[in-house]
There are 2 protein chains.
Amino acid sequence: MRNELDSKDIQILSLLLNNARLSNKEIAAKIEIAQSSTHDRIKKLTQKGYLKGAFAQIDQKKLGLNIEVILAIKLNKQHRAIIADFIEKASQLPGVIQLFHMAGNSDFILHVAVKDSDELRGFILDRLSTLDYIQSTETTMVLHNERVNNIL
Amino acid sequence: MRNELDSKDIQILSLLLNNARLSNKEIAAKIEIAQSSTHDRIKKLTQKGYLKGAFAQIDQKKLGLNIEVILAIKLNKQHRAIIADFIEKASQLPGVIQLFHMAGNSDFILHVAVKDSDELRGFILDRLSTLDYIQSTETTMVLHNERVNNIL
DNA sequence: CCTGAAATTTACTCTGA
DNA sequence: TCAGAGTAAATTTCAGG
């Protein structure tokens, strides 16, 4: 049981990174090994934790989510308990796509999609700012957003 | 051919949003309709453009990508041609996970993963700052990053 | 660790309601 | 538009090199 991955494993991860719905057969064809080998490798990559899941990409605008923003958030305390609490609460807020815990000027960055400005207003005023350890929030509109995944 | 989606469609999108590798059968069981109906619906959702693709999630640290940063970038020009050029160039830079074109203080935000600080230095100095329309970059470390996908 | 083929499960198609 | 049954195709397992 080697810990290192060979180039075939990296190729599999790279393919799935950009298209998680590729079938075993298609992957096997692309990297030129047997289907059963591809199957084994994906199984092992999953078991060892290299592959963690897959997310579909949906057309947010078609679903009426017309406004996409980045919210930079500062807390007035950075205790571990507060951080954990915020992560838990923010994960449950409707509209949140992605959450970053930062080591810088802001404590958190939230990537959020909402229907309209009313919903955005509600999100910030009713959902976020009601948490008593929020010091400030800064909202910036996203004009365009592209998944690149150029890491392998 | 109705344009609106019913609650079953939304449920399908929501399930796939959080686990793109769910099979037809599993989805059919979860939302309690026939497999063939699930199949039809997914096909239509894809054809109509609601479902656009799927990305696998990989364990970056296990692959040696130990540093994750957010890079806020300002350009000294915002012409359409410059923006398009930057998006194209940035999409090809190794380490870029996601790219946001912003309507605010920064023009772009890049979510980047690299192996170590040397690679980060190379990324900023050799790859980014060599583009002549870059005015400034600000790098902030990501301590933690969570996909939430709480939009449906 | 890979291959190739068998066994099983799933996806896909179509008919009828 | 949905459900059920049949066919095609894929996944999964396994013995052998």
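Residue numbers start from 1 in every chain, and the chains themselves are labelled A, B, ... in the order their sequence lines are given, proteins ahead of strands. Because only heavy atoms are used, hydrogens play no part in the values below, and waters and symmetry mates are left out as well, while side chains stay in.
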For B:Ile87 against B:Ser91, the heavy-atom pair lying closest together: O-OG, 2.6 Å
List, with names and distances, any nitrogen or oxygen atoms from the protein found under 3.5 Å away from nitrogen or oxygen atoms belonging to nucleotides 6-8 of chain C.
none

Does the plane of the ring in B:His111 sit parallel, tilted or perpendicular to the ring in A:Phe100? Use 30° and 60° as the thresholds. perpendicular
Would you mind checking if B:Asp40 and B:Lys44 are paired as a salt bridge, meaning a charged N to carboxylate O distance below 4.0 Å? no
Check the side chains of A:Tyr50 and A:Asp9 for a donor-acceptor pair under 3.5 angstrom, ignoring hydrogens and angles. no
Do A:Ile73 and A:Ile67 sit in the same hydrophobic cluster, where Ile, Leu, Val, Met, Phe, Trp and Tyr count as joined when their side-chain heavy atoms come under 4.5 Å apart? yes
Note: contacts of residues 14-30 of chain B with DNA chain C (heavy atom, under 4.0 Å) are B:Ser23, B:Asn24, B:Lys25
To the nearest Å, give me how far apart CG (B:Asp9) and C1' (D:dT1) are. 11 Å
Should we count CD of B:Glu138 as having more than 12 external heavy atoms under 6.0 Å? no
Can you confirm whether B:Lys62 is buried at NZ, in the sense that more than 12 heavy atoms of other residues, nucleotides or ligands lie under 6.0 Å from that atom? yes
Output the rounded distance in Å from CD1 (A:Ile33) to P (C:dC1). 12 Å
Just checking, is any N or O donor in the side chain of B:Asn150 or A:Gln92 under 3.5 Å from an acceptor N or O on the other one? no
Counting only heavy atoms not in B:Lys77 (residues, nucleotides, ligands), do more than 12 fall under 6.0 Å from its NZ? no
I need the CD1-C1' distance between A:Ile42 and D:dT11, as an integer number of Å. 11 Å
Stems of at least 3 consecutive Watson-Crick or G-U wobble pairs (donor-acceptor distances under 3.5 Å) involving DNA chain D, listed by first number, are C:2-11 with D:7-16, C:13-17 with D:1-5
Please name all residues satisfying salt bridge (charged side-chain N to carboxylate O under 4.0 Å, His left out) with A:Asp118, sequence neighbours left out, ordered by chain then number. none
Base, sugar-phosphate, or nothing: which does A:Lys8 touch, judged by heavy atoms less than 4.0 Å apart? nothing
I need the CD-P distance between A:Gln35 and D:dA9, as an integer number of Å. 13 Å
Is the ring pair A:Phe108/A:Phe86 parallel, tilted or perpendicular, if the boundaries are 30 and 60 degrees? tilted
More than 12 heavy atoms from other groups under 6.0 Å of CZ on B:Arg147: yes
Please tell me which of the listed nucleotides, D:dC2, C:dA11, C:dC1, lies nearest to the side chain of B:Ser37? D:dC2
Using a cutoff of under 3.5 Å, can you pull out all pairs of nitrogen or oxygen atoms linking the protein to nucleotides 13-17 of chain C, with atom names and distances?
{"residue": "C:dT13", "atom": "OP2", "partner": "B:Lys43", "partner atom": "NZ", "Å": "3.2"}

Would you please name every residue forming a side-chain hydrogen bond (donor to acceptor under 3.5 Å, both in side chains) with A:Lys52, sequence neighbours left out? none
Please give, in whole Å, the distance from D:dC2 C1' to B:Glu32 CD? 15 Å
